[in-house]
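In what follows, chains are A, B, ... by sequence order, proteins preceding strands, each numbered from 1. Since the structure is predicted, the reported quantities are computational estimates derived from the model, not experimental observations.
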Amino acid sequence: AAQTLEDVTSRGALNCGISTGLVGFASQDANGEWQGFDVAVCRAVAAAVLGDPSAVDFTPTTNQVRFEVLNSGEIDMLARNTTWTFSRDVDLKLEFTGINYYDGQGFMVPAALGVSSAKELDGATVCIQAGTTTELNLADFFRINNMSYQPVPISTASEAQQQYLAGSCDVYTTDASGLAATRAAFEDPAGHIILPEIISKEPLGPLVRHGDNEWGDVVRWTLNALIAAEELGVTSANIEELSAGTDNPEINRLLGSEGNLGEMLGLSADWAKNAIAAGGNYGEIFERHIGQNTPIGLARGLNAQWTEGGLLYAPPFR
Amino acid sequence: MAEAPKKMKVSDEVAVDIRAMNKWYGSFHVLRDINLTVYRGERIVICGPSGSGKSTLIRCINALEEHQDGTITVDGTRLSSDLKNIDKIRSEVGMCFQHFNLFPHLTILENCTLAPIWVRKTPKREAEETAMHFLEKVKIPEQANKYPGQLSGGQQQRVAIARSLCMRPKIMLFDEPTSALDPEMIKEVLDTMIQLAEDGMTMLCVTHEMGFARQVANRVIFMDQGQIVEQNEPEPFFNNPQSDRTKLFLSQILGH
Amino acid sequence: MAEAPKKMKVSDEVAVDIRAMNKWYGSFHVLRDINLTVYRGERIVICGPSGSGKSTLIRCINALEEHQDGTITVDGTRLSSDLKNIDKIRSEVGMCFQHFNLFPHLTILENCTLAPIWVRKTPKREAEETAMHFLEKVKIPEQANKYPGQLSGGQQQRVAIARSLCMRPKIMLFDEPTSALDPEMIKEVLDTMIQLAEDGMTMLCVTHEMGFARQVANRVIFMDQGQIVEQNEPEPFFNNPQSDRTKLFLSQILGH
Amino acid sequence: MSTAPKVQAFVRHDTLPASAPPVSETGVVRWLRANLFSSVGNGIMTLIALYCLYLLLAAIVPWLANGVWRADSIRDCREQLAGATGGCFAVIAERWPQLVFGNYPSEHYPRAILAFVLLFVALAPVLFVELPRKMLWFTGLFPFIAYWLIWGGTLWVPTLALAGVVAGFFVFRALERMSFFGALVAGLAATLAFWIVLVGPLSGALASIVPLRLDYVESREIGGFMINFILGTSCIALSLPLGIALALGRQSNLPVIKMICVMFIEFIRGVPLITLLFVASVMLAYFLPPGTNFDLILRVIIMITLFAAAYMAEAIRGGLAALPKGQYEAGDSLGLDYWQSMRLIILPQALKISIPSIVNIAIGLFKDTTLVSIISMFDMLGMIKGPILSSTDWFGVYWELYVFAALLFFVFTYGISKYSQYLERKLATDHR
Amino acid sequence: MSTMSDPSQPVFRLSMLVNDTRYRGITFQIIAFMAIVLLFGWMAWNATQNLAALGQNISYGFLGEQAGYDINQKLIPYASTDTHLRAAVVGILNTLLVAFLGCVTATIIGVVVGILRLSKNWLVAKLMSGYVEIFRNVPVLIWILIIFSVMSNALPAPNAFRGENPSASMVMDAFAFTNRGVYIPRPVWEPGSFLVVAVFIASIVGIFALRRYAVKLLFDTGRELKTFWPSIGLFFVPTLLAYFVLGRPITLEYPELRGFNFQGGIQIFGSLIGLWFALALYTGAFIAENVRAGIMAVSKGQTEAASALGMRPGRIMRLVILPQALRVIIPPLISQYLNLTKNSSLAAAVGYMDITGTLGGITLNQTGRSFEAILLLMLFYLIISLSIAGLMNLYNNAVKLKER
Ligand SMILES: Nc1ncnc2c1ncn2[C@@H]1O[C@H](COP(=O)(O)OP(=O)(O)OP(=O)(O)O)[C@@H](O)[C@H]1O
Ligand SMILES: Nc1ncnc2c1ncn2[C@@H]1O[C@H](COP(=O)(O)OP(=O)(O)OP(=O)(O)O)[C@@H](O)[C@H]1O
Ligand SMILES: [Mg+2]
Ligand SMILES: [Mg+2]
């Protein structure tokens, strides 16, 4: 199974698995174009491998089928809000290639409820999206804090939101990013507050099959390139200019004007340049799809560069 | 057919009295100004072309159809929309249909005892005895524990007659009881009816079996377009019909 | 009925030869030690009480039923489990059922041409001509384009005969061809069969039409309980039956 | 007994004129009395029914009447409504192409619509026997035309596929005299061999000489109601022959074949369709040689076809059982072999008897195609649940889309069920 | 045709395999059998290859591992620390629960609607056929989604019961209808309560005995005993008497609003109600058609014959029409029950934790054991289907009309 890269190049398109729809991360516009934060990772990989960010065939996947679809070879990579866990990595024989979003599970309640901490939620009815780590975290959190609750599992975010607004549950829990996105779409966002507790670590990242390390490297380093680009100040605006050569050797190695990193990966020298040019660096992608100026309005938080107090830390390109 | 029964004396007690009766289906005038008096013990055969209202007439007598105008009196009880009257009349009038309408989920014996037990409140024991008596009369006692589906058409029709008789009706109505049967079975059923006639049962019978009419009827009634066109004793009726309609009709059915 | 055909001289060629044939349904012994030789041009009528195995016997001849013991040879071909032999025999033996079994989804003409086209591989044109010829023979060429459901029972049975004839069989089997018909239609069908007999067709016919038997049969066979009890020419058979079973049976069917 | 009354001879020479019924028997009053107020109980029921009707309308009418049809997003809708009850139908107005076609490229909509219209032309001779039988030729060609119109690519692929069928047919014809069944198997094998061996390279070669191509559209771009329709029609069409084969197998007197068919049918009928769809989406790949990987739509079509075939088989078995035994015997006695009598005598009649139940299965199947949304296919329902409701603009609308979907399905399935009723009435009087 | 003795041809030729009725069938069967075995063998071989390539194996060990998730609706005790197997069992019970409730409700709806559709009342008949057409012609998944959200939007949230001037209030202070479900009082069994229950069961038995006695009396003597009021009396009086005599051993725990939700009492979850009603309304429409067809299949002649014998409509229905109609109605009715049970696998759409939601949903998802989970899932449905189908065959054979 060590030939995914060849398959992709000979096919001329990347098969990328994404979510069937998650506001800000993967959704379709009126023209049927996939847009979103996860989608951008796919496009970047396609640009890196094939030089064309639009050479992606998206396969929407549900929670149930995502790993099978990857394992059966139907898709080359899965870029969908999937939490990196031990058992998924080891037992399910998947390979997580990095983290594109540091999330954590949080709670949203109507402001009128007068709750200010998750510890006050004893006896509450909680809406969750079924079939994710969210349920496990929730169970653990309430058990540890000796509280009872009623889970209401819902299959899609739009239905969960519908139930929450109708008052079928007191609390809506999902990853904090999802909470923010949901809240932003409300008629009255101010009427709902996101509680301060984050009860879990949810590192979300793209993943590939076990056993094809070359392909894993491609995906891993494409993601790292996006992150490093932001750290190094490479943006879609200045990339043409910088790729001509700079006095920063790391930028040069990244953009292929120096060294042979691309060759080592089995790609062209300008692979990272293409990846970054596809949708900009990590920061640009973030701002375009889920940042402060979008209706979703997420702050960078943990997803800021390490230099700015966040956790984003791309290994060096050398 | 068996030897001709003596045409029995008819009493002057009135069994059924129909006066100026009219019936409409929607705006279609099916029965027009029907006047008919049937005496106890009389055997009347009704004939006429298809659609002339024969079935409707006899169905009116036991209130399977309601009439809109005129009166029907059965055995002194005036038919009205009062349920009690209807029940009373129905328990005195037995009816036999062209397609027998036996209850397929019940055995022959149960078919015959159902109504006596539930309507007449006869103890089951007694009802079964009566039923066997009448089944013997129609000559099929050995079929008592079979189901209708296992019997031939002629046998089914005879069960249907026995079933009506078990309610000990004073009047029997027959609506073309033999027209759904194969020729050899017709005889069985007609024999049974002739025997009934011999016993003095008051009968109104829609049929085109002219042999039967000649043999047992006191009176033959010819209907057309919802009216009684002609009535007479069988001999003059067949040999010397008065109305042109009747002549035409008789020439058709006797000719073939 | 038409005038009696001359009882034709029978050739000494054997058409059907049945030797020591036995048949069981499960453990029920339906046919016991049947020995029968039918010569070409012979017309045989088989009669006997219900359940005596008449139908089973003639159904064995064209392998609609299998037999377990003994041999059946039709026109020189020994009936065996080889499909080719079965096909050969069936294409030489025509069969007419009590309930006609016409194909209701095909027109009369299509009913008649189906087997010639698909089994005999006759060109359609030619098959249709043959079919019309036989339909004329049974006197219903004008119905060729109707569907069976539009025909009367007698007409349907005649079509069934024509359908068999279209395969130009050497032998025709009839299983009570008239018993599902109304009396007036029986005559039509019997006339057709008499005409066939006149043309010299070898026929085996299960029937209780004794007039037909007297008129056309070379031999009448009486079966009871799976055995051939008596066989003789019609005159001696009817006038002077030998076995008591036959006498009893004849008294019943001729009496009613 | 006293003096018996002498029979009154009576003759009427003139006909009484028909007279109008009493007032109570005609007109609106009678209609009302007969249909709404024939008794006290009935009157009460009428009132209750009227009240229910009122409640229903009171809930629905304002929502429909105040509906907003023109807006950019749900926020816009809410502003326009300013608190009043009303639907935000703008989402339908904006997203209807997606609802109907999924992500099918909009410049190719005419192709899909043409295929849709041609479907009716192709179906017409099947549905209405009065039409000239010649039209069935088009019906036979339609699958290839439709495939080409919808997926595009070079015309050579469907043409060669058709050629494969024709080749199979000739093989069948050549061998038919020897054994129908053997010929059938050989014909199918020939077709398959032709497809596998020849279609790929030959179409490539021919296409490079004479291109004749439409833009290729990927399966995954097909979605919305279109996919429900494709799945529905192709699965129904494919399941029919398979269902016939299974039904014949189940009626067979060869115990092994019978057992295989019974087990297959009972297994399929015993499990819910979505578990089979799970199998199609996650398990089927395991059962195929490593590395094979074919279109999800194709996998789903296979699964739904198997599912429908099991039900079809039961419907057809009913038809076979309803045929009198005499029909089989008449066939035998004329010398027709098993396949001939099946094809010429038994099946035409059995199928006709089972048409109403076949149509019911078809309706059920068409509705069940929505279940593919559960395995993340973007059929109409999947489109709503996935991309549309999770788009930033329309996150929060709900009812409007589901009601729209319900309505669309209703129109089609109700149409089919009306057709089946028409057919039942017609068949009841056929040939009489 | 398989055997026909033919002693003169003892030699066996190869062509006899195809042409001889004795061998032909066997030949075909062996070919078919081998084809199937080969097909399965091929698939199994592929599966082992594929699994080996992925380094996976088939193992049901995950069933013994800790599930880790909670289930709201459970009929047996279950906590997130229990195993996946127990979660699956909870799911199975939930499937059976919704299937049972759905079947009962669908039958009631179907029978009522089916009869009303034949009503002489034009408006009622039209409304009912409107209901049937609308529900039959729209996919059940859409109905599940629509009805679930109708429920959660039309009923008040528990919040609405709060405060000085609540916008919603409990019915009789005992039942609360909220969009999270319906809360009803829970009986609390104290010592002595089993006596009350025993008395209650005894009185039910008594009612049946009374009815049998009434029929026997009618059969024996022709006297008819009125059983309606005595039955009702028997239903209530002894139980109430025992209840009060024993000092009210059964008390009710009323639901009351505490914290976020109503506490106490029994909660019937919204997802259960939504799914239950969607399935019941959908299947009810089909059952209504079956019922109507069944009643119409009993010819009008039967009613007329019975009326002509002097029977009243109620009796005609019970003694003549229903026994015949039921033979026609019950077989399709049971297939509808099967359909409902299979359709309940769509529960995931509303988050009802049936077997598809637990074993086929969260467990599958958390453990990634899709192969095993789906096989188990199919097995479960297959067992249910086959046992119901078996029952149906028994019934069919029992009521088959006796024919000649
Ligand atoms: N329910 C009904 N509604 C409307 N018209 C009816 C109805 N029943 C019968 N009719 C019409 O009333 C007329 C008389 O019907 P009826 O059945 O009494 O005729 P009939 O003399 O018994 O004919 P047949 O010999 O065919 O049985 C016919 O024209 C028939 O079409
Ligand atoms: N398929 C069968 N299985 C078992 N027994 C059968 C079968 N077919 C016929 N029989 C029995 O075989 C016996 C002969 O039947 P057959 O039909 O040949 O009688 P028949 O002389 O033609 O009678 P009929 O005059 O009633 O047609 C009967 O007792 C019948 O019950
Ligand atoms: Mg009549
Ligand atoms: Mg016979």
Looking at every non-hydrogen atom in both residues, tell me the closest pair between E:Leu234 and E:Ser203 and how far apart they are. O-CB, 3.2 Å
Without hydrogens or angle criteria, can the side chains of E:Thr95 and E:Tyr381 be said to hold a donor-acceptor pair below 3.5 Å? no
In Å, rounded to the nearest 0.5 Å, how long is the span from OG1 of B:Thr77 to CG of B:Asp87? 11.5 Å
Please check this pair: side chain of B:Arg90 against backbone of B:Asn62, looking for a donor-acceptor N/O pair closer than 3.5 Å. yes
By a 4.5 Å heavy-atom criterion (distance strictly below it), what part of B:Ile117 contacts chain E: side chain, backbone, both, or neither? both
Using non-hydrogen atoms and a 4.5 Å limit, figure out which bit of E:Ser307 sits close to chain B: side chain, backbone, both or neither. both
Most heavy-atom pairs under 4.5 Å with chain E, out of B:Arg120, B:Arg125, B:Lys146, B:Arg59, belong to B:Arg59
Interface check, chain E: of B:Leu114, B:Val119, B:Ile89, most non-hydrogen pairs under 4.5 Å belong to B:Val119
Can you tell me which portion of B:Phe103 sits under 4.5 Å from chain E's heavy atoms? Options are side chain, backbone, both or neither. both
Contact leader toward chain B among E:Leu217, E:Val298, E:Asp220, E:Leu218, where contacts are heavy-atom pairs under 4.5 Å: E:Leu218
Tested for ring-ring contact (aromatic ring centres under 6.0 Å, His included) against E:Phe200, the lone hit among E:Tyr243, E:Phe235, E:Phe236 is E:Phe235
